[in-house]
Amino acid sequence: MLIGEIVQKLNNGASYEDIASSIKITEDILRNDLKKIGFHYDNKEKNLVFTGYDSEYENTLCICYSDIRKLST
């Protein structure tokens with residue numbers, strides 16, 4: 001699953017738990033991995049926002065989550 005798909009699902013109301021279970025990880029691992037690559041939950045906006053460099057945003061969305069997991073383990 002692409003990072004962009006995960007972010008879109010979360011911003012459309014899916015739960016971390018549902019997404020994490022579908023890719024066979026824990027909710028905490030998913031949250032931490034998204035934070036590591038520049039996403040955090042904005043309570044005011046009520047969605048995930050990217051806090052990295054604007055120039056990296058599009059590329060980050062196109063990364064496969066399993067590739068991120070390989071880097072962080």
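The figures that follow rest on heavy atoms only: side chains count, while hydrogens, waters and symmetry mates do not.
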When you measure from the side chain of K46 to the backbone of N43, do you find a donor-acceptor pair of N or O atoms at a distance under 3.5 Å?
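Side chain of K46 to backbone of N43: a pair is present.
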Counting only N and O atoms by type, is there a donor-acceptor contact under 3.5 Å from the side chain of N11 to the main-chain atoms of L48?
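Such a contact is found between N11 side chain and L48 backbone.
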The criterion is salt bridge (Lys or Arg N to Asp or Glu O under 4.0 Å); which residues satisfy it with E5, sequence neighbours excluded?
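Partners of E5 under the salt bridge (Lys or Arg N to Asp or Glu O under 4.0 Å) test: none.
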Show every donor-acceptor pair shorter than 3.5 Å between a side-chain atom in residues 49-62 and any protein atom, with sequence neighbours excluded, or say none if there are none.
| from | atom 1 | to | atom 2 | distance (Å) |
| --- | --- | --- | --- | --- |
| T51 | OG1 | G38 | O | 3.0 |
| T60 | OG1 | E56 | O | 2.7 |

Could you work out, with side-chain contact (heavy atoms from CB on, under 4.5 Å) as the rule, every residue matching K35, not counting sequence neighbours?
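Testing K35 for side-chain contact (heavy atoms from CB on, under 4.5 Å), a comparison that skips the adjacent residues, returns none.
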Could you state the interatomic distance from NZ (K36) to CZ (R31), rounded to the nearest 0.5 Å?
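So the gap between those two atoms works out to 15.0 Å.
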Any chance you could measure L2, atom CG, to Q8, atom CD, to the nearest 0.5 Å?
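Reported value, rounded in 0.5 Å steps: 10.5 Å.
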L34 vs L10 side-chain heavy atoms within contact, under 4.5 Å
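Yes, at least one pair of side-chain atoms sits under 4.5 Å.
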Mind checking whether I63 and I37 have side chains closer than 4.5 Å, heavy atoms only?
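Counting from C-beta outward, I63 and I37 never come under 4.5 Å.
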Looking at residues at least two apart in the chain, or sitting in another chain, which of them share a side chain to side chain donor-acceptor pair (under 3.5 Å) with Y16?
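Side chain to side chain donor-acceptor pair (under 3.5 Å) list for Y16, sorted by chain: empty.
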Name the atoms and distances for all side-chain donor-acceptor pairs under 3.5 Å in residues 18-26, with sequence neighbours left out.
| from | atom 1 | to | atom 2 | distance (Å) |
| --- | --- | --- | --- | --- |
| D18 | OD2 | S15 | OG | 3.2 |
| S21 | OG | E17 | O | 3.2 |
| S21 | OG | D18 | O | 3.0 |
| S22 | OG | I19 | O | 2.7 |
| T26 | OG1 | I29 | N | 3.2 |

